[in-house]
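Notes follow once the structure below has been shown.
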Amino acid sequence: MDNPLLHETGLPAFSRIRPAHVEPAIRTVIERSRAQVEEILAAAQPPRWDNLVMPLEAMEHRLARAWAPVGHLNAVHNTAALREAYNACLPILSDFGSELGQHEGLFRAYERVLAEQGPELAPGQRKILEDALRDFRLAGVALPPAERARFRAIMQELSMLGARFEEHLLDATQAWRLEVHDPARLDGLPEDARTRAREAAQSRGLDGWALTLDFPAYHAVMSHATDRELRREFYTAWVTRASECGPTAGRFDNGPVMEEILRLRHEAARILGFEDYAELSLATKMAPSVAEVRTFLEDLARRSRKAALAEMEAIRQFAGQPLEAWDIAFWSERLREHAYEVSDEELRPYFPADRVMQGLFETAGELFDIRIVPGGKVDTWHDDVEFFRIENADGSVLGHLYTDLYAREQKRGGAWMDECVGRARLAGIEALPVAFLVCNFMPPTGTRPGLLSHDDVVTLFHEFGHCLHHLLTRVDWPSAAGINGVAWDAVELPSQFLENFAWHPTVIERLSGHFESGAPLPREMLERLIASRNFQSAMQMLRQVEFALFDIRLHGRAPVDAAGVVAELEAVRREIAVVPYPGFNRFAHGFSHIFGGGYAAGYYSYKWAEVLSADAFSLFEERGVMDPEAGRRFRECILEVGGSVDALEAFIAFRGRPPEPEPLLRLSGIGTDTLSAA
Ligand SMILES: [Zn+2]
């Protein structure tokens with residue numbers, strides 16, 4: 001059987017890929033790779049860059065290439081058969097991944113290459129070796145046998161505990177609902193929230209409405225329900241989920257789970273020779289030390305405090321009454337409507353998709369001295385898909401891009417960039433990068449084109465920033481090309497950086513034009529839109545800093561019990577929060593990012609990347625938003641080097657100095673007169 005997933009050149013033949021191709025192809029590639037690893041190791045005597053690292057990089061490139069279309073189709077054209085084939089491959093891939101990560105022979109061979117050949121290699125090559133060795137060590141490969149066994153046991157236990165944390169949270173969320181029979185209680189709720197509540201009641205055979213505790217329902221109630229008691233009940237249920245308090249007290253308590261997670265993380269960190277888990281987490285990140293992260297966050301909190309207090313006071317004055325925790329979102333929303341009323345529906349007609357894409361491509365083209373042009377007819381997975389070629393000004397090809405912009409059935413929600421093919425120039429392989437840009441915008445109808453909200457436009461710029469990182473790379477080694485090998489807390493720099501352009505009047509003018517009349521976005525709407533960007537930005541800043549500071553402090557100390565977790569959070573809140581928190585608030589028990597997901601001692605990276613991207617953008621504020629020299633530098637210093645240069649060094653090369661927080665504060669309107677708009 002000719003298996004299109006096993007073709008090693010050209011673009012994937014999407015329309016010919018069948019679910020039946022998936023598992024055989026992946027098994028074939030993995031088996032081949034597994035044999036290759038041993039062959040390469042045996043032949044690499046002594047191990048050198050060319051006989052060890054290059055062939056392994058080529059092997060990884062082939063595997064990524066076979067898998068990319070599968071992962072992609074599973075996300076954009078999900079059928080039951082494909083999902084089954086996809087899921088069948090996940091354990092095969094993850095087993096092989098941990099086999100490689102735990103391979104002591106490989107670890108020793110990489111060590112030798114670095115020790116014996118290091119001085120003569122390029123800095124990018126050395127970084128690849130150093131990163132690989134670091135990851136081997138963090139996987140426990142360098143440990144003595146007994147400690148290594150204990151370390152692995154801890155890791156397995158931790159992944160189970162993370163899953164249990166999530167299960168508790170989900171169960172607690174689903175265990176609660178509020179039945180409403182008096183329609184007056186739903187006063188203020190948007191129509192779709194009422195409809196969902198009605199449907200939820202009907203599906204349970206109930207009269208009236210059933211309000212569930214999922215996020216859209218919670219958000220709708222907190223922002224819009226005029227019934228204060230309803231908001232209080234919802235708030236109480238939400239902030240006590242999976243804890244020893246509130247309406248489901250003790251039934252799904254994450255307290256003991258958190259204790260165990262913190263204890264085991266600490267033990268794992270100590271086995272690897274780190275002081276605590278925060279130090280371990282930062283070993284793979286751009287931020288230099290735990291102390292520096294804490295200072296970074298405390299500094300942002302201090303500088304935002306005055307503006308946040310003023311924002312809070314503005315809500316109080318607008319509400320004209322003392323406010324509890326369950327009143328803040330409601331009155332903020334009323335204030336926002338009052339001060340900045342500019343709805344998505346008003347804006348959409350000015351952002352037809354074609355016009356926005358053209359404006360985006362022109363903007364990126366001018367900034368980075370590239371051209372983005374139709375790439376010709378290629379095999380795709382849907383009629384909505386378009387294909388583009390990215391060229392240098394001299395016409396030489398840099399890479400290709402698929403776009404798939406509209407929501408449809410069988411397509412995962414959200415927006416993302418993914419790699420189709422990574423750039424590689426290795427023995428026997430010459431590949432230019434190919435990216436997927438996927439969104440879920442409101443599709444065109446028979447009478448009008450796809451129309452974007454301004455949020456959509458910002459999302460598009462964000463994902464396109466990731467695309468440029470992937471497409472403009474000059475690195476020939478897959479593990480450091482594009483976004484690969486970029487420190488985790490720096491990977492959002494290009495994407496958040498590009499978002500800023502979607503807020504700039506000069507760029508917005510290029511992107512907008514009424515889909516019927518072609519008229520530009522009216523000045524007055526543009527101004528309201530831009531003003532709305534910074535509504536309550538200082539309070540939002542403090543909220544994010546509160547979570548991040550709690551996270552880094554909690555993981556930067558000896559493990560505490562559940563009461564200690566709550567105490568740590570309360571201490572952070574006393575220091576920086578400007579909104580009231582009731583004593584029963586158990587936010588930590590539902591903080592999935594750090595207990596269920598991968599953000600432990602890493603939550604700060606949201607703010608970190610924002611500081612980097614705002615500071616990078618500030619060069620364009622200084623020189624002019626379309627300044628070609630600043631664009632050239634961003635391309636050369638950040639986009640082209642991918643993961644081949646340390647993230648801080650790359651930033652300094654671009655900006656001429658280390659990152660500073662002022663541009664973010666300024667861009668967020670913090671420090672200016674934030675009360676005037678109210
Ligand atoms: Zn992103």
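One-based numbering, in listed order, for ligands and for the atoms of each. What you are looking at is a predicted structure, and each value in this text was computed from that prediction instead of being measured. Note that these values count all heavy atoms, side chains included, but never hydrogens, waters or copies made by symmetry.
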(Q) Does His77 have more than 12 heavy atoms from other residues, nucleotides or ligands lying within 6.0 Å of its NE2? (A) no

Problem set entry | Test: Glu333 and Arg336 ion pair at under 4.0 Å | yes

Any salt bridge between Asp615 and Arg655, counting N to O under 4.0 Å?
yes

Any protein N, O or S atom under 2.8 Å from the Zn ion (ligand 1)? Found His462 NE2, His466 NE2, Glu492 OE1, Glu492 OE2

Nearest heavy-atom approach of Pro478 to His61 is CG-CB, 4.1 Å

Between Tyr603 and His593, the two heavy atoms sitting closest are CE1-CG, 3.8 Å

Test side-chain contact (heavy atoms from CB on, under 4.5 Å), reference Tyr402, set Val76, Asp418, Val378, output is Val378

